[in-house]
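Structure first, commentary second.
All residue numbers refer to positions in the sequence shown, counting from 1.
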Amino acid sequence: MKLALISDIHGNAVAFNAVLDQLAHQQIDQLICLGDAVATGPQPAECVELLRQNQIPTIMGNADAWLLDPQRNPEASEFHRFIEEIDLWCQEQLNDAALTFIEQFPTTLEYPLSTNHTLLAYHGSPRSFNEGVRPDTPAETLHELLPESYITIMAGGHIHQPFLRRYLDLMILNPGSVGLGYQHERETKKPANIGWAEYAVLEIGPDLPDDPGNLKIEFHRVPYSVEVLGKVARSSSMPGAERWLEGWA
């Protein structure tokens, strides 16, 4: 069995389509989205439609939940007020059917991969879509998040950083971000968005009684056109499109 994991599309259907085009050649049995699929980008309605057309199970992310009940933060920084303006615009682009579709996203999802492997999918952590599990999350915090013993793989998004970590008998991974992938510049150490979409593929081989670890995990990057994304953003009515595009290297 081959399972693909994507996350944090953030209203970037240009990047989303690039991933879907590549996955179409990989004989994927199931694709799961780990949340934050719609907000903070110029193509919110298009991303909802791609999720729906491709019947992709999608986890509720913090940005998805905000679209359902927008609450401005009176103490937000200038940057976060800028993001709120974009997200309010994103909500306005969604019809009632799209908002109902988002409302049905679960906060977690258990997905059986084989007799020996079950995946627990979430956005930030198993207990909150606002809490990020990171490569350096302390062991004591991870211990608080431990699921039932039959879970062998945990996968979430939220931090836009791909990683794979082993903790006790668990594999914990993050596939990175489809629509807002980034890297830190060597000289300035500042983050910059980059023109690639990130995702992960899990391949589970036949169950063997003496080898329950028959598991392969791959991380992928697929390039997409930032020029096309720029044209899409500028032709939309998204507020602050030029500033939003400045985030790309």
Side-chain angles (χ1 to χ4, degrees), residues 3-21 23-24 28-73 76 80-112 119-132 155-160 174-175 177-180 197 199 229 232-233 235-241 244:
L3 171 79
L5 295 171
I6 59 174
S7 191
D8 296 277
I9 303 165
H10 282 292
N12 183 349
V14 175
F16 193 5
N17 274 309
V19 171
L20 292 174
D21 289 346
L23 290 176
I28 299 298
D29 297 299
Q30 182 64 58
L31 172 59
I32 294 175
C33 177
L34 302 175
D36 277 7
V38 182
T40 329
Q43 298 169 290
E46 291 88 340
C47 287
V48 168
E49 191 57 29
L50 286 170
L51 291 170
R52 183 157 40 197
Q53 286 178 357
N54 291 279
Q55 299 181 325
I56 301 171
T58 303
I59 304 300
M60 182 71 77
N62 57 296
D64 304 314
W66 196 91
L67 292 176
L68 299 174
D69 184 24
Q71 298 289 329
R72 286 181 176 272
N73 181 358
H80 283 97
R81 289 198 299 273
F82 166 66
I83 298 300
E84 285 181 349
E85 289 297 327
I86 293 177
D87 289 348
L88 284 171
W89 174 85
C90 287
Q91 190 212 38
E92 293 170 357
Q93 310 313 301
L94 303 175
N95 58 28
D96 289 344
L99 291 170
T100 298
F101 178 75
I102 295 170
E103 192 174 24
Q104 295 170 353
F105 293 171
T107 54
T108 61
L109 174 68
E110 293 181 13
Y111 193 87
L119 169 77
L120 175 62
Y122 49 87
H123 180 65
S125 84
R127 64 187 176 189
S128 171
F129 49 53
N130 287 311
E131 177 185 27
H158 191 56
I159 65 170
H160 298 215
N174 187 313
S177 172
V178 170
L180 286 176
Y199 67 95
L229 178 63
V232 167
S235 65
S236 74
S237 58
M238 185 179 78
W244 184 81

(message) Please give me the minimum heavy-atom distance between Ile159 and Gly132, naming the atom from each residue.
(response) CG2-CA, 4.1 Å
(request) Quick one: do Gln71 and Asn73 satisfy side chain to side chain donor-acceptor pair (under 3.5 Å)? Show the steps, please. (result) CA-CA 6 Å; Gln71 298 289 329; Asn73 181 358; over 6 Å; no
(request) With sequence neighbours left out, write down each residue that passes salt bridge (Lys or Arg N to Asp or Glu O under 4.0 Å) with Glu46, or none if nothing qualifies. (result) none
(request) Answer whether the closest heavy-atom distance between the side chains of Val232 and Ser236 falls below 4.5 Å. (result) no
(message) Donor-acceptor check, side chain of Glu110 to backbone of Leu119, threshold 3.5 angstrom: yes or no?
(response) no
(request) Locate the shortest heavy-atom distance separating Ala15 from Gly179; write the atom from each residue and the value. (result) CB-CA, 4.2 Å
(message) I'd like to check the salt bridge (Lys or Arg N to Asp or Glu O under 4.0 Å) partners of Arg72; sequence neighbours left out, ordered by chain and number.
(response) Glu84, Glu85
(request) Taking side-chain hydrogen bond (donor to acceptor under 3.5 Å, both in side chains) as the test, write out the residues that go with Tyr122, two or more places apart. (result) none
(message) Please give me the minimum heavy-atom distance between Cys90 and Gly41, naming the atom from each residue.
(response) SG-O, 3.3 Å
(message) Distance check, rounded to the nearest 0.5 Å: Glu103 atom CD versus Asp69 atom CG?
(response) 10.5 Å
(request) Output yes when a side-chain donor or acceptor of Asn174 lies under 3.5 Å from a complementary backbone atom of Gly156, and no otherwise. (result) yes
(request) Kindly indicate whether the side chain of Leu3, heavy atoms from C-beta on, has any atom under 4.5 Å from the side chain of Ile32. (result) yes
(message) By the side chain to side chain donor-acceptor pair (under 3.5 Å) test, which pairs, at least two apart or in different chains, include something from residues 56-68?
(response) Asn62-His123, Asn62-His158
(message) Show the nearest heavy-atom pair for residues Ala233 and Ala241, with the distance to one decimal.
(response) O-CB, 3.7 Å
(message) Contact between Val38 and Ile9 at the side-chain level, heavy atoms closer than 4.5 Å - yes or no?
(response) no
(request) Quick one: closest heavy-atom pair of Pro42 and Trp89, and the distance? (result) O-CH2, 3.5 Å
(message) I need the Thr40 OG1 to Phe82 CZ distance, nearest 0.5 Å.
(response) 10.0 Å
(request) Would you name the heavy atoms of Met60 and Ala65 that are closest together and state the gap between them? (result) SD-N, 3.7 Å
(message) Could you work out, with salt bridge (Lys or Arg N to Asp or Glu O under 4.0 Å) as the rule, every residue matching Glu49, not counting sequence neighbours?
(response) Arg52
(request) Report yes if the side chains of Ser7 and Asp36 come closer than 4.5 Å at any heavy-atom pair, otherwise no. (result) no
(message) Main chain of Leu51, side chain of Gln55: is a donor-acceptor contact present, judged purely on distance under 3.5 Å?
(response) no
(request) For the residue pair Phe105 and Cys33, establish whether any side-chain heavy-atom pair is separated by less than 4.5 Å. (result) no
(request) Could you give me the CA-CA distance, side-chain angles and deciding distance for Asn17 and Leu50, then say whether side-chain contact (heavy atoms from CB on, under 4.5 Å) is met? (result) CA-CA 8 Å; Asn17 274 309; Leu50 286 170; 3.7 Å; yes
(message) Checking Trp244 against Leu229 for the side-chain contact (heavy atoms from CB on, under 4.5 Å) test, could you report, in this order, the C-alpha distance in whole Å, the side-chain angles of both residues, the deciding distance, and whether it holds?
(response) CA-CA 11 Å; Trp244 184 81; Leu229 178 63; 4.0 Å; yes
(message) Would you say that Leu180 contacts Asn12 through its side chain, given a criterion of any heavy-atom pair below 4.5 Å between the two side chains?
(response) no
(message) Distance check, rounded to the nearest 0.5 Å: Ile86 atom CD1 versus His10 atom NE2?
(response) 11.5 Å
(message) Tell me if a side-chain donor or acceptor on His160 pairs with a main-chain N or O of Ser177 at a distance below 3.5 Å.
(response) no
(message) So, taking the atom named CG in Leu20 and the one named CD1 in Ile6, what distance separates them when rounded to the nearest 0.5 Å?
(response) 6.5 Å
(request) Applying side chain to side chain contact (heavy atoms under 4.5 Å, CB included), name anything that partners Asp29, two or more places apart in sequence or on another chain. (result) Met1, Lys2
(message) Are Ile59 and Pro106 packed together at the side-chain level, in the sense that at least one heavy-atom pair is separated by less than 4.5 angstrom?
(response) yes
(message) Just so I know, are the side chains of Tyr199 and Leu31 near enough to count as touching, which here means a heavy-atom distance under 4.5 Å?
(response) no
(request) Would you indicate whether Gln53, at its atom CD, is surrounded by more than 12 heavy atoms from other residues, nucleotides or ligands within a distance under 6.0 Å? (result) yes
(message) Run the side-chain contact (heavy atoms from CB on, under 4.5 Å) test on Ile102 and Val48 for me, step by step, so that the C-alpha distance in whole Å, both residues' side-chain angles and the decisive distance to 0.1 Å come before the verdict.
(response) CA-CA 8 Å; Ile102 295 170; Val48 168; 4.2 Å; yes
(request) For Asp96, look at atom CG and say whether over 12 heavy atoms of other residues, nucleotides or ligands are found less than 6.0 Å away. (result) no
